[in-house]
Peer 1: 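Sharing a structure with you now.
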Amino acid sequence: MDTRNSPYNKVFNRHLVIRSLFKNSYSRAELSRLTGLTKASISNITDELINEGLIKESGLELYNKNVGRNPTTLEIVSDRYNILCVDIARDGCSIGLVDFGGNVLISKKVDIFSCRSPQQAVEIICSDIKKSILNIRVVNEILGLGITTPGPVDTLHGIIDEIPDFELWRGFNIITEFKKYFDYEIRLERDANAVSLAELYFGYGRQFDDFICIMSYVGLGFGIIRNRKLFGGELGLTPEFGHLSIDFQGEKCVCGNRGCLYGFYGLMNILERVRKDFPDLKNWEEIVDRAYAGEKYFINIIEYYAGIFSTAVVNAINFTMLKKIVLSGFIIYKPQMFINELRKKLKNSYIARNFFDIDIYITDLRESENLIGAATGIIEYSFNKYRQ
């Protein structure tokens, strides 16, 4: 029995319509078919959203076989809101301003490497937001401030857990600290989850109801979308496939496990290994370029790490039974050699291979995906939150 009350249902239905329009532009009749809501409900909701400036009629008329006026499509108003964004990674920090349509208006690096406390880091970040964003341009109404960090994080309370190579922030309630500087809605989200939501709203995920998003950065991040919703558990925690053990006799990880995938894969691990033989190596891009130039050593490096990466992908597929994979991070630079090797490894490795093939996509959000993810976390929360 559905015990949800009428105000809750109103919020749920509004969010359903907004999400649909982030996916594509639709007429009112199409929205009714897609959402299962009555035409009267759709009319009331869309009229309300138009009055609030959240959506508009696009002016595009759809061909109508029946007698009468052709229906017009509805679309999101991209500049209705701006969202402040903060991405705190192991290798740096970025701030930005993203609009309601997922367009990055400002993106800037912030140096917090010398900070001795998380409080000091937050003070520097907030000062830079005020100086570099809020004081240099007229911004539209601020919907909120989104923060992304590696996981695991308690998104309900804004607490960062014990994360490998992220000691400065360990156990810190980051939302409480940011609230000292800004009176906005502030949300913390695990970076891989935020990127998954960004894909759902603005990337390849608009085409799919179910997919896995995998980030390759300093470590490995996974986000799972099922039925167009982020998959999660208690306190907003989500699966950490980077801490699957691939060597039971391996070194102990901060998570308590041994031989975690995190210790074998990731940009820093790859560069550290290659620099033992090539001390002047600059970055992943150089590895790829030299592999494409035919240097066997670098071809072997790509094949080796594609193999390690495939272990994570296979486990994710076996766990979720989802066949669509969206990849992001450093591997998207000239990715075909890496992807080809990955496909070879996957072909006979996942348990359901006789039932479905794996579809692999490279993100088109590219460099600013974490900032877009931070913004999407605010959008998702703001229109999906029932407040009594």
Side-chain angles (χ1 to χ4, degrees), residues 22 76-115 121-150 166 169 174 178 181-182 184-205 213 215-219 221 223 267 283-285 326-333 362-382:
F22 270 111
I76 293 292
V77 178
S78 294
D79 60 0
R80 174 62 178 89
Y81 288 110
N82 288 163
I83 301 109
L84 296 169
C85 305
V86 178
D87 173 48
I88 305 172
R90 293 181 176 93
D91 58 351
C93 174
S94 298
I95 60 174
L97 187 71
V98 176
D99 72 15
F100 196 51
N103 303 299
V104 179
L105 308 176
I106 298 175
S107 175
K108 181 182 183 294
K109 295 288 186 181
V110 179
D111 184 4
I112 57 172
F113 281 112
S114 61
C115 292
V122 171
E123 181 182 5
I124 291 172
I125 293 168
C126 292
S127 175
D128 214 337
I129 289 173
K130 292 175 181 178
K131 179 178 66 176
S132 303
I133 297 178
L134 298 179
N135 288 345
I136 68 171
R137 62 174 290 157
V138 177
V139 300
N140 293 334
E141 184 178 349
I142 300 293
L143 184 62
L145 188 154
I147 306 167
T148 61
T149 73
F166 211 61
W169 302 94
I174 198 169
F178 266 85
Y181 298 90
F182 297 110
Y184 301 130
E185 187 76 68
I186 301 176
R187 296 288 294 171
L188 168 67
E189 186 56 86
R190 174 174 168 262
D191 52 8
N193 290 346
V195 168
S196 300
L197 287 172
E199 291 290 345
L200 177 65
Y201 275 74
F202 303 111
Y204 271 109
C213 184
M215 297 167 54
S216 293
Y217 287 106
V218 175
L267 185 57
N283 48 39
W284 170 258
E285 287 80 0
V326 181
L327 304 180
S328 65
F330 64 84
I331 64 171
I332 69 174
Y333 175 75
I362 300 297
T363 183
D364 55 2
L365 298 181
R366 302 289 168 167
E367 295 179 358
S368 298
E369 62 184 354
N370 281 32
L371 292 178
I372 298 171
T376 315
I378 286 290
I379 295 171
E380 173 78 358
Y381 176 79
S382 297

Peer 1: Can you name the nearest heavy-atom pair linking Ile83 to Cys85, along with the distance?
Peer 2: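 Looking at all heavy atoms of both residues, the closest pair is O-SG, 3.5 Å.
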
Peer 1: Please confirm whether the backbone N or O of Leu371 pairs with a side-chain atom of Asp87, one donor and one acceptor, at under 3.5 Å?
Peer 2: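 Absent.
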
Peer 1: As an exercise, state the distance from CG of Asn370 to CD1 of Ile88, rounded to the nearest 0.5 Å.
Peer 2: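 Going from the CG atom of Asn370 to the CD1 atom of Ile88 covers 11.5 Å.
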
Peer 1: So, taking the atom named OH in Tyr184 and the one named CD1 in Ile142, what distance separates them when rounded to the nearest 0.5 Å?
Peer 2: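 Spacing of OH (Tyr184) from CD1 (Ile142) equals 5.0 Å.
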
Peer 1: Phe178 and Ile125: side-chain contact (heavy atoms from CB on, under 4.5 Å), yes or no, with the steps?
Peer 2: CA-CA 9 Å; Phe178 266 85; Ile125 293 168; 3.9 Å; yes

Peer 1: Taking all atoms of both residues into account, what is the closest heavy-atom pair of Glu369 and Gly329, and its distance?
Peer 2: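 Nearest heavy atoms, Glu369 then Gly329: OE2-N, 3.8 Å.
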
Peer 1: Who are the ring pair (Phe, Tyr, Trp, His ring centres under 6.0 Å) partners of Tyr204, not counting sequence neighbours?
Peer 2: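 Tyr361.
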
Peer 1: Are there more than 12 heavy atoms of other residues, nucleotides or ligands under 6.0 Å from atom NZ of Lys130?
Peer 2: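 Yes, because the 6.0 Å sphere around NZ of Lys130 holds more than 12 heavy atoms from other groups.
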
Peer 1: What closest approach, in Å, do Val110 and Asp128 show between heavy atoms, and which atom pair accounts for it?
Peer 2: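 The pair with the smallest heavy-atom distance is CG2-OD2, 3.6 Å.
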
Peer 1: Using only atom types and a distance under 3.5 Å, with no angle test, would you say the side chain of Asp111 pairs donor to acceptor with the backbone of Phe113?
Peer 2: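 Yes, Asp111 side chain to Phe113 backbone: donor-acceptor pair under 3.5 Å.
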
Peer 1: So Val218 and Phe166, do their side chains get closer than 4.5 Å, heavy atoms only?
Peer 2: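 Of all side-chain heavy-atom pairs linking Val218 with Phe166, none is under 4.5 Å.
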
Peer 1: Which heavy atom of Ala198 sits nearest a heavy atom of Ile372, and at what distance?
Peer 2: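 Smallest interatomic distance, heavy atoms only, reads CB-CG2, 3.8 Å.
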
Peer 1: Write down the atom of Ile174, the atom of Val122, and the distance for their closest heavy-atom approach.
Peer 2: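 Nearest heavy atoms, Ile174 then Val122: CG1-CG2, 4.4 Å.
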
Peer 1: Below 6.0 angstrom between ring centroids: does that apply to Phe100 and Tyr201?
Peer 2: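 Ring centroids of Phe100 and Tyr201 are no less than 6.0 Å from each other.
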
